[in-house]
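Step one of this worksheet: look at the structure below.
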Number of protein chains: 2
Amino acid sequence: MLDLFAGARLTPTQRRIAHCLVERAGTAAALSSAEVAELAGVSQPSVTRFAIALGYPGYPALRRALRDVGGGPADDGGEDNAMQVAIKAEAEHLQRLKEQLGSLDAVQKAANLLVASRPLPVLGLRAAAPLAGYFGYFASKVHPDVRVWDTGGTSLLDRLDQARVAGAGAMLALVLPRYPRESLEVVKEARAMGYAVVAITDSAVSPVAEDAAVVLPAAVGTRLVFDLHTGPMAMAMVLLQAMCDADPEPVQRRLEEFEAAAARRQLFQG
Amino acid sequence: MLDLFAGARLTPTQRRIAHCLVERAGTAAALSSAEVAELAGVSQPSVTRFAIALGYPGYPALRRALRDVGGGPADDGGEDNAMQVAIKAEAEHLQRLKEQLGSLDAVQKAANLLVASRPLPVLGLRAAAPLAGYFGYFASKVHPDVRVWDTGGTSLLDRLDQARVAGAGAMLALVLPRYPRESLEVVKEARAMGYAVVAITDSAVSPVAEDAAVVLPAAVGTRLVFDLHTGPMAMAMVLLQAMCDADPEPVQRRLEEFEAAAARRQLFQG
DNA sequence: CAGACTATGCATAAAAACTTTCAGAAGCCA
DNA sequence: TGGCTTCTGAAAGTTTTTATGCATAGTCTG
C-alpha cells in the first residue's frame, strides 16, 4: 500500500492527502475524491491532482489501485512473527491505558502539581532518559522553566537542592524497569525535601510508588530483546496535555511565539 | 454486515447480488453499481433496485452503509474524552504497524545495512532527538560503536565526514513531523557521500523518502497538543530486534557482559 | 390455455463525480 | 523589494455513475 505512493515528489497539500489515505488504509478505496478532500482538509481538485502526480491517469485509477492493494491481506487469524506479537501486545497496553484514562483524576491532580512548580524538574535516568528529554522538549514550549535531569551522579542531589531553593514544589520522575537505584534514591530524597513527586512508572506497585504523591502507571513492553516504552510515552503526553488544559492561556501564547520563531528561522520543512 | 440484508424479501437476482457483496465484505464498498453488477452477473439497474429493495434511497446510500459497517473498527460505544481518543488512535496505529510487519523484508534489509556499519550514526534532531537517544541507548548494548547525533549545527556535516572516513556505510535517520530542515539536509548530504540511509519517518511520502535507501514508516499521533511518537518508537525497537536477530552471537555476548557489569555495580533495584 | 403479474435488461435521462481552466496567493531567487 | 515560479481553490465543463421508463420473458392462477 505504502509503495503506491513512493517515489513521487509531493507538495504539502498532497502529502496531507497521502497521509490521510495511508491512515485509513483499508477503507480508503471506498471514498470518493470529494470525501478524501474533506477528510484531508483540502479542495477536491487537489485530490485529482494528487492522483495524477502519482502517475495515475486520474482519481478513479488511484482508487482501483487502492482497492486492489488495501483489500487483499487482512488476515487477523494467522501466524504472527515475533515482532507482530510484540507490537500487538503494545497496542493492547495502549488499549488498556485508554480504559484507565476514563477517569482523569490522577492525571489532573498530577498536572496541577506540575504546572504550579517553577522550576519544573523532570527526572529520567538510563533507559528513561530519552523519555525525560521527550517530555522536556515539548513541555518547554508551554512551561517557562523545565529542567531535564537525565544524567546521574552526585550532582543530582545538588540540583535537587538548587531547584528547591529556586521555588520548585513538584517533580516529574520517570522510573521504568529496571528501576535505576539512583532514580529511587533521588525520589526518596526529593520527598524528604518536600517535593510532591509525580511518578510515571510501569505499575502501581513499582518501587517508586511509596514515595510518590501521584503514581501514573503505564505498562512497558517486554516481548523484544529490549523494552518498549510506548505506554509511558503516551502517558507522558497525556500528562502534558492535561498540564496545557489546566493553564490554557499562557500555553496558547507560548505556542504562538514558538510558531512565529520557527517560521522566522525556517526550522521546518512543510 | 449480514444484518444489513435481513428482513427483505429478495428476488433471485437480488440474492445473487447480496451473496456477491457478502463474499467481498470489506472491499464491497469500493465497487460501483456497474462493477457489482458485473461480478454478480446481473444488470446494473438490478443493483440499484436491490439497494432500494433493502430500504435505501439508492445505491450510493447502500455503499455508505457497507463502508461504515465493513471498515469501521467497531467502536465500543462510550463517550471518550480527548485523551482517550488520542490513545485509542495510537493503539490503532500500532495495530496497523503490526499488520505492516507481516512482511519483514524492509526491516531486515535495514537491519542488515545497519549492523554492518561501524561506526553506526543515529540521527535525530529536535523532537526526534529523544528517540535517537532511546535507540542509541539500547543499540549500544549490542553494537560496538553507535553514535547518536541529536544536536544540529554545522559540526554535523563534519561528523558525517569523520564517520564516513572511520568506515560507516549506513546511517539511521529519525525524521518526524515537522521535518527539521537540517535533518533533511544531512540525509541528502549523507546519501551524496555514499551512505545507505535507513529512515524511520511518519509516512512513506515523508520528505526524506527520496534520499533514503530504506524507509520504515510509522504513524505519529497528532490528536493532542503535541505529537505522540509511540509508532516510531515501536518501529525503532523492531528494527533493533531485527539487528540482533541478524547477528545473534556477538549480541548475546555483549548483553551478558552488560548484565555482569550491572550486577557488579549494583545499578538496578529488583 | 389465457390473462395478469413480477422480474429483468436495455436505453436513456438525471445526478453525481471527476477533470480542466483560470485567477489569486504564497514561496523563491535575484 | 519585485518579478518569477509554483501551488491552491473556485467555478465551469466533461465524463462516469446512478435512476427510471419501457418492453420482453417468465411465472403463477383460475
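Chain letters run A, B, ... following the sequence lines, proteins first and then strands; every chain starts at 1. Everything numeric here is computed off the predicted structure, so don't read it as measured data.
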Report, one pair per line, the protein and nucleotides 18-22 of chain C atoms (nitrogen or oxygen only) whose separation is under 3.5 Å.
from   : atom 1 : to    : atom 2 : distance (Å)
C/dC18 : OP2    : A/S33 : N      : 2.8
C/dC18 : OP2    : A/S33 : OG     : 2.6
C/dT19 : OP1    : A/Y59 : N      : 3.0
C/dT19 : OP2    : A/T48 : OG1    : 2.8
C/dT19 : OP2    : A/Y59 : N      : 3.1
C/dT19 : O4     : A/Q44 : OE1    : 3.4

Would you be so kind as to tabulate the donor-acceptor pairs closer than 3.5 Å made by side chains of residues 101-111 of chain B, with sequence neighbours excluded?
none

Item to check | Whole-Å gap separating P (D/dT17) and CD (B/E38) | outcome: 12 Å
Next on the checklist: I'd like to know if A/R64 and B/E35 make a salt bridge, using a cut-off of under 4.0 Å between side-chain N and carboxylate O.
Outcome noted: no
Checklist entry - Could you state the CG-P distance from A/L62 to C/dA17, rounded to the nearest angstrom? => result 17 Å
Checklist entry - Mind checking what makes side-chain contact (heavy atoms from CB on, under 4.5 Å) contact with B/R96, not counting sequence neighbours? => result A/E23, A/A25, B/E92, B/H93
Item to check | Counterpart residues, ring pair (Phe, Tyr, Trp, His ring centres under 6.0 Å), relative to A/F138 (two or more places apart) | outcome: A/Y134, B/F226
Checklist entry - Can you list every pair that meets side-chain hydrogen bond (donor to acceptor under 3.5 Å, both in side chains) and has a residue in residues 228-241 of chain A, with sequence neighbours left out? => result A/E90-A/T230, A/Q241-A/D245
Item to check | Sequence-distant partners of A/P45, side-chain contact (heavy atoms from CB on, under 4.5 Å), two or more places apart | outcome: A/S43, A/R49
Item to check | Test salt bridge (Lys or Arg N to Asp or Glu O under 4.0 Å) applied to B/D150 - qualifying residues, sequence neighbours left out | outcome: none
Checklist entry - How long is the line joining CZ of B/R16 and C1' of C/dA7, in whole Å? => result 14 Å
Checklist entry - Bend across the helix from C/dC1-D/dG30 to C/dA30-D/dT1, to 10°, with axes taken over 5 pairs at each end? => result 30°
Checklist entry - Taking atom C1' of D/dG9 as reference, at what distance in whole Å does atom CD of A/Q14 sit? => result 14 Å
Checklist entry - Taking only residues two or more places apart in sequence or in another chain, which ones pass side chain to side chain donor-acceptor pair (under 3.5 Å) with B/N81? => result B/Q84
Between N or O atoms, less than 3.5 Å apart, protein on one side and nucleotides 3-6 of chain D on the other: list the pairs.
none

Pair up each side-chain donor or acceptor in residues 185-197 of chain B with any protein partner under 3.5 Å, not counting sequence neighbours, and list the distances.
from   : atom 1 : to     : atom 2 : distance (Å)
B/K188 : NZ     : B/D211 : OD2    : 3.0
B/R191 : NH1    : B/E210 : O      : 3.2
B/R191 : NH1    : B/D211 : OD1    : 3.1
B/Y195 : OH     : B/L160 : O      : 2.7
B/Y195 : OH     : B/R164 : N      : 3.1

Next on the checklist: Rounded to whole Å, how long is the line connecting atom CZ of A/F50 with atom C1' of D/dG9?
Outcome noted: 18 Å
Next on the checklist: Side chains of B/R126 and B/S183, heavy atoms from C-beta outward: is any pair under 4.5 Å?
Outcome noted: no
Checklist entry - Has A/S46 got a side-chain N or O lying under 4.0 Å from the OP1 or OP2 atom of D/dG9? => result yes
Item to check | Whole-Å distance separating the OH atom of B/Y56 from the C1' atom of D/dT18 | outcome: 17 Å
Checklist outcome for this item: Residues at least two apart in sequence or cross-chain that pass side-chain contact (heavy atoms from CB on, under 4.5 Å) with B/Q162, listed by chain then number, are B/D158, B/R159
